[in-house]
**Student:** 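Before anything else, here's the structure in question.
When reading the values below, keep in mind they use all heavy atoms of this one structure, side chains included, and skip hydrogens, waters and symmetry mates. Indexing begins at 1, ligand by ligand and atom by atom, following the structure's order. We're numbering straight along the sequence, starting at 1.
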Amino acid sequence: FVLNTIHCKCIVNIKRLKRESDIMRYSNLAGAEILKDYQTFAQMIKFRQTEAKKSVIIKISEISHIEHLKKFCEYYAKIVNVFPYNTIDNNRFVLMECNSNKDVEALREIAVCKADPEYAHCVTPFFLYKPRLKLYTNQNTVYKDNYGYHSNFGTPNLNKINQSLKKIQSVSNQMIFLYDTLRITELNTRLRFYTATQISYYLSQLFINLSVVPFGSSVNGFGQIGCDLDLLCKTNISSNDTAGWKKFLFMTQVVPLTDRIEQKHFLDLIGTIIKTCMPGITDVKKILEARVPIIKFRNLSTNMQCDLSSTDMTALHMSELLYLYGQLDWRVKPLVFTIRKWARSMNLTKENPGQWITNFSLTLLILFYLQTKHILPSLTSMKIFSNKSNTIDNFDWFLKWKNSVSNNDESLSKLLCEFFEYYCFFDFKTHALCLRDGITKLKRDASPLYIYNPFNPSLNVSKNVTISELLRLVGHFQRALQIMLNSTEQDTLVKLINFDSNSTINNEFNKKNKSVSISEKFIPNVTDTNNLQKIEKNIIK
Ligand code: GTP
Ligand code: MG
């Protein structure tokens, strides 16, 4: 066997290679741990991190090698899950979950670097598996069936989605279908945590109190296939425990960095380490002058596009809040997925941040709207983010709310339509959204779109959105509302998520939208009010 490690791509040997017949005898599969129904954010993170630490990634050249590889590994370790997948550049890998860390160690043991046997213990497990014997050929389909071979790194094909949507009768069911199709898969979640754990492992070899955790849509329940992996560098000591520790020295502790300049320097250093020392990482870019300084890079074996930052813990608390909201009512996620998909198709949100609304701010718009419908509670009424650390400690409250009978049982379709309507007529000129209290409040400054930061009311989450982008957004809310009111159930979602320039509604919209269509009453600095009145009349009609 020839194995490559991720670290140096050198040739390694496998110790104690057994005959195939021996290997076949050791094929006991242990039962995989099952993720419980209700988990706090902290429990979920811990569960996934533990799972990642018990996993290895193995590179294979042929899909037909999987069965043989599994049997071989089972001789040395208890394997509980096998996930074959390929990356966008068509490399084939297997994510293999072992029963315990000891099993991972056992697999590391069998890969010994020729040049330096000690070296193998330091590397994150990642092998290239090439059996010399040609075993199990011509059985590709069997492997596909057994293991569900994954190649889902690109976003699902829009044509296929459209075809499926057309076969589903009700808009509500179409929204549930969209959610099921677009959300991150089990394998993808595992690869995200694996990536974070791997980077955490390397950095912790240099900074003993540093760990890297995923946040954002990878963990908040609103992640779509292909979304970026947001990573946070976290120091594991309290902010007042700084005495005596020198910063930025190998094998030392890093004090929590509160100062922006310090954060930038620290990220600069981390970026250099990632670029020069970490195997399997490519396209490293330091973006240190942005509002939130980040290091961008791609992990080759997991095919993850990563954004590493070192801000305070607010981003993690924000992920926890969104995670909780997503769990409170079954309608939240399908609604958010549908609106996010719609916004992306309309080019209202974009891959890179800029003057337009982000997925995050858009999600807050949706959650606020659901607060006004009494489907979701305000933060203050939850009383669970009141402790100093901002983390949820009252899980009983969560279960109570979830199990309480909601007065609002509106369908997904109705909620979607009313969402568009709500923001078509929202007074953006003077009012801001406050999710903390679940009510609108006066704006604190002239920002076109004002969403109070739930954890820091002195900040506006959507400060980046310009007036023209807000006008475009509201214009599209109006267009979406028109579609919802004028289309048959079967056509609605297809029309919403496809900007089909041939459709009558879109032609109308394009013509009208040449000068932006929203009332001066609601939006500042708009000159063409005639246009708005026409559209408003249409909507009311
Ligand atoms: P995707 O577009 O799927 O990546 O959604 P996302 O929720 O991951 O958004 P993004 O990658 O832009 O940001 C990652 C996380 O950073 C968000 O989930 C928030 O927790 C946080 N975040 C993003 N923008 C802001 C902001 O303007 N203010 C604050 N306080 N946090 C933000
Ligand atoms: Mg993200």
**Student:** Hydrogens and angles aside, do R444 and N460 bring a side-chain donor and acceptor to less than 3.5 Å of each other?
**Tutor:**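 Judged by distance alone, the side chains do not pair up.
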**Student:** With D437, which residues qualify under side-chain contact (heavy atoms from CB on, under 4.5 Å), at least two apart?
**Tutor:**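 So D437 forms a side-chain contact (heavy atoms from CB on, under 4.5 Å) with T380, C434, I439, K441.
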**Student:** Taking it one step at a time, do Y423 and F426 satisfy ring-ring contact (aromatic ring centres under 6.0 Å, His included)?
**Tutor:** CA-CA 5 Å; Y423 286 110; F426 188 87; 5.7 Å; yes
**Student:** Quick check on contacts: which atoms of ligand 1 are under 4.0 angstrom from a heavy atom of N453?
**Tutor:** 30 (N)
**Student:** Quick test of your reading of the structure: of Y323, F222, F360, F215, whose heavy atom lies closest to atom 24 (N) of ligand 1?
**Tutor:**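 The option holding the nearest heavy atom is F360.
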**Student:** Considering the heavy atoms of N359, write down every atom of ligand 1 situated less than 4.0 Å from one of them.
**Tutor:** 1 (P), 2 (O), 3 (O), 5 (O)
**Student:** Nearest 0.5 Å please: distance from the SG atom of C233 over to the CD1 atom of I270.
**Tutor:** 5.0 Å
**Student:** Nearest heavy atom to atom 10 (P) of ligand 1 wins, so pick from D230, N456, L362.
**Tutor:** D230
**Student:** Check if A315 has a non-hydrogen atom at a distance under 4.0 Å from any atom of ligand 1.
**Tutor:** yes
**Student:** Check this for me - ligand 1, T314, N or O atoms closer than 3.5 angstrom, yes or no?
**Tutor:**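 No, there is no polar N/O contact under 3.5 Å.
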**Student:** With heavy atoms only and a cut-off of under 4.0 Å, state how L459 meets ligand 1: side chain, backbone, both or neither.
**Tutor:**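 L459 to ligand 1: no contact under 4.0 Å from either part.
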**Student:** Apply the test ring-ring contact (aromatic ring centres under 6.0 Å, His included) to residues Y452 and Y450: give CA-CA distance (whole Å), side-chain angles for both, the deciding distance (0.1 Å), then the verdict.
**Tutor:** CA-CA 6 Å; Y452 281 92; Y450 204 111; 5.0 Å; yes
**Student:** Do N162 and N498 have side-chain atoms, one donor and one acceptor, less than 3.5 Å apart?
**Tutor:** yes
**Student:** If the condition is side-chain contact (heavy atoms from CB on, under 4.5 Å), which residues does R340 pass it with, not counting sequence neighbours?
**Tutor:**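 Result, side-chain contact (heavy atoms from CB on, under 4.5 Å) vs R340: S217, F222, Q224, V336, N359, L362, T363.
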**Student:** Is any heavy atom of the protein nearer than 4.0 Å to atom 12 (O) of ligand 1?
**Tutor:** no
**Student:** What do we get for R340 next to ligand 1 when only non-hydrogen atoms under 4.0 Å count, side chain, backbone, both or neither?
**Tutor:** side chain
**Student:** Angle between ring planes, Y369 versus Y422, binned at 30° and 60°: parallel, tilted or perpendicular?
**Tutor:** tilted
**Student:** Where on C227 is there a heavy atom closer than 4.0 Å to ligand 1, on the side chain, on the backbone, on both, or on neither?
**Tutor:**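 The part of C227 near ligand 1 is the side chain, not the backbone.
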**Student:** What count do you get for protein N, O or S atoms closer to the Mg ion (ligand 2) than 2.8 Å?
**Tutor:**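 Number of qualifying protein atoms: 2.
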**Student:** At what distance is the nearest protein heavy atom to atom 3 (O) of ligand 1, and which residue and atom is it?
**Tutor:**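 The closest one turns out to be S217 OG, 2.9 Å.
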**Student:** Could you tell me which residues satisfy side-chain contact (heavy atoms from CB on, under 4.5 Å) with N173, sequence neighbours excluded, listed by chain and number?
**Tutor:**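 In terms of side-chain contact (heavy atoms from CB on, under 4.5 Å), with neighbours along the sequence ignored, N173 is linked to I168, S170, I176.
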**Student:** Heavy-atom contacts with D228 under 4.0 Å: which atoms of ligand 1 show up? List them by number with element.
**Tutor:** 4 (O), 11 (O)
**Student:** Can you tell me if T358 contacts ligand 1 (heavy atom of the residue under 4.0 Å from the ligand)?
**Tutor:** no
**Student:** State, with a plain yes or no, whether a side-chain heavy atom of V474 is found less than 4.5 Å away from one of L471.
**Tutor:**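 Side chain of V474 against side chain of L471, heavy atoms only: no contact under 4.5 Å found.
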**Student:** Could you check whether W342 and F420 have their ring centres less than 6.0 Å apart?
**Tutor:**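 Yes, the ring centres sit under 6.0 Å apart.
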**Student:** Could you tell me whether the side chain of Q371 and the main chain of L435 form a donor-acceptor pair under 3.5 Å?
**Tutor:** yes
